[in-house]
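Reading through the structure tokens given below for one structure.
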Amino acid sequence: MKRRRRFLTTVVLVVVLVYISLLLLLMWVEYPEPTSSINTFIDALWYSVATLTTVGYGDISPVTPVGRAIGTVFVLLSTGILVTLVSALISFLASEGFPLLRLSFQRKKNWYYFADTGIESTTLARQIYQSDDQAVIIYGQDRSRMEETPDYPCLFANVSPERIARHKGSAGNRCSVFFMRENDIGMNPRAVNISSLPVEVYARTVNGEEMLSGNIHFFHCYECCAREYWRQKPLLRRERRIVLIGFGHYGAALLKYAILTNVLSSNHHVAYHIFGDATQFLQMHNHLDLVFSMQQEAEERDSLIFHSTGWAAAHDVFASADRIILCDDDEQQGWDIFWHLRRYYCVQGRIDLRSSRPISDVSHFGVTSDIYTPEHILRTNLNHVAISMNNLYRSSHPKTALDWDQLTDNLRQSKIAASEHLFVKVRILLGDDALTDLTAETLAQAYAVYRENIRDPARLEECRRIEHLRWLRYYIYHNWSYGSVRKPALRQDPRICPYESLAPYEQAYGDYAWELMGELRLRDDS
């Protein structure tokens, strides 16, 4: 690139020098002639411009043989220069120059740069444009690579994220870069390479951790799908048996969020039947038996039953299931199982089918437009709730609590998990299993019920039991165990024990998770 620039600079300098030399020579040979109209350098320049642009006013013209020879050179060059100018203009409009020029006039707006094109990118970009009236959508590829032209305003600038970041500078509020292609090594190297730029980076990954610090944020479409599923199709109080068929990325994510969020009461117990290869899952999460009944249904706790045989022989399980979730990574395989269940099996509960496209008359989930949303990818609201929860905890524990930026990744993830359970807490308090969205009104109603409940010692204890069980399941899922002293390096904590074994102040530890409703209600009202 540097060699090319040097070469072009040299060519430009040579052309300018030759042009100026011709003008000086024209003036020198024409000046002595009494009848000549070219007497100064400005006259020579005017004549050359009129000739090269093919305007030819005729008010000035050379009279000497040498002057006419130079004029002939200008005439011959005029066509070539005109073609060159037109080509340069077309090239500028078709290349990166024109989009960057347009972006120069929109520096104070929020830029969202998508390095990859595809249905995921266009889906997210459309929703960002609809939710942010200051959004400028930029695709870092040629328009020709798009199968369909987006139905919202956008720019195509075939330039790198680095170039975009430099062009944006410090103007405006936000410059976000998205890498939407899935990366199988768990950490998108393209995202890491631009971590030093003043941009927010969102990179799709498979196995990597979701980073909540710095400027790089990895996200999993499977976990986004699982979050959306349990929010839109929450566990109901009457449901006691849930079946998951397909235990790939989607199945593992759905079970993870069932473990972390499906805590409705200390007496409500659910049996999860899982069909699929769970060997690696069980090897990684080897403390689940501390809070779950493994491989057999129990009355006093939730159960996890992993079936080593195929799903086809489980007629009795399907007949008694309250819901069946078809979550195979292969969407076509899910459809095949769906039709077989409908055709050959006695199914009393509902069947939820994972589908990337909406389907009429079928209970489905995982639609692309529901997963690739600002709420799931940017996670602004979720992080806001988690940070608010941490601030609330700090206000009651000023000497020991840390600021959000000082928390380890595990503690931040723990706060995120607690904030995700907020929906469940509001449903519990309002007795509304169908609630799928939080508003200032619902938060106010739920908080009022909570304040009334805690006057009753039995209800207060139930709230504390629910939060302790939720907290316990999070840490057990991440392989923590009991230790007389908290040792993060060994994943040990003294509170990983039954609720009855906790000291009174430890039983009250999770009260702030319920009090969060009051803080969010006040913030929404303001």
side-chain hydrogen bond (donor to acceptor under 3.5 Å, both in side chains) pairs, two or more places apart, involving residues 290-300: Arg241-Glu297, His273-Glu297
Check: [X] side chain, [Y] main-chain N or O, donor-acceptor pair, under 3.5 Å:
| X | Y | value |
| --- | --- | --- |
| Asn390 | Leu402 | yes |
| Trp111 | Gln106 | yes |
| Arg231 | Thr436 | no |
| Asp289 | Met294 | no |

Going by the rule ring pair (Phe, Tyr, Trp, His ring centres under 6.0 Å), which residues pair with [X] if we only count those two or more places apart in sequence or in a different chain?
| X | result |
| --- | --- |
| Tyr477 | His285 |
| His421 | none |
| Tyr474 | His478 |

Could you check whether Thr368 and Glu120, counting side-chain N and O atoms only, form a donor-acceptor pair closer than 3.5 Å? no
Using 30° and 60° as the class boundaries, would you call the ring planes of Tyr202 and His217 parallel, tilted or perpendicular? parallel
Parallel, tilted or perpendicular: ring planes of Phe219 versus Tyr372, cut at 30 and 60 degrees: perpendicular
Counting only heavy atoms not in Gln406, do more than 12 fall under 6.0 Å of its CD? yes
Side chains of [X] and [Y] in contact at under 4.5 Å (non-hydrogen atoms):
| X | Y | answer |
| --- | --- | --- |
| Asn410 | Trp480 | yes |
| Leu341 | Trp311 | yes |
| Arg495 | Leu502 | yes |

Going by salt bridge (charged side-chain N to carboxylate O under 4.0 Å, His left out), name the pairs with one or both residues in residues 415-430, residues two or more places apart or in two chains. Arg227-Glu420, Lys425-Glu467
In chain order, what residues pass the side chain to side chain contact (heavy atoms under 4.5 Å, CB included) check against [X], with sequence neighbours excluded?
| X | value |
| --- | --- |
| Cys154 | Ile137, Tyr139, Pro150, Tyr152, Phe156 |
| Asp370 | Glu228, Val367 |
| Leu411 | Leu407, Thr408, Tyr475, Arg486 |
| Leu469 | Val263, Arg473 |

Verify whether the ring centers belonging to Tyr450 and Trp514 lie closer than 6.0 Å. yes
Reported CG-to-CG distance for the pair Asp277 and Leu282, which is rounded to 0.5 angstrom: 9.5 Å
Identify whether the distance between the nearest side-chain nitrogen and carboxylate oxygen of Asp403 and Arg394 falls below 4.0 Å. yes
Exactly one of Phe281, Tyr222, Tyr272 clears ring pair (Phe, Tyr, Trp, His ring centres under 6.0 Å) with Phe247, and that residue is Phe281
Contacts of [X] that satisfy side-chain hydrogen bond (donor to acceptor under 3.5 Å, both in side chains) - sequence neighbours left out:
| X | value |
| --- | --- |
| Glu500 | Arg465 |
| Asn267 | none |
| Ser363 | Lys233, Asp352 |

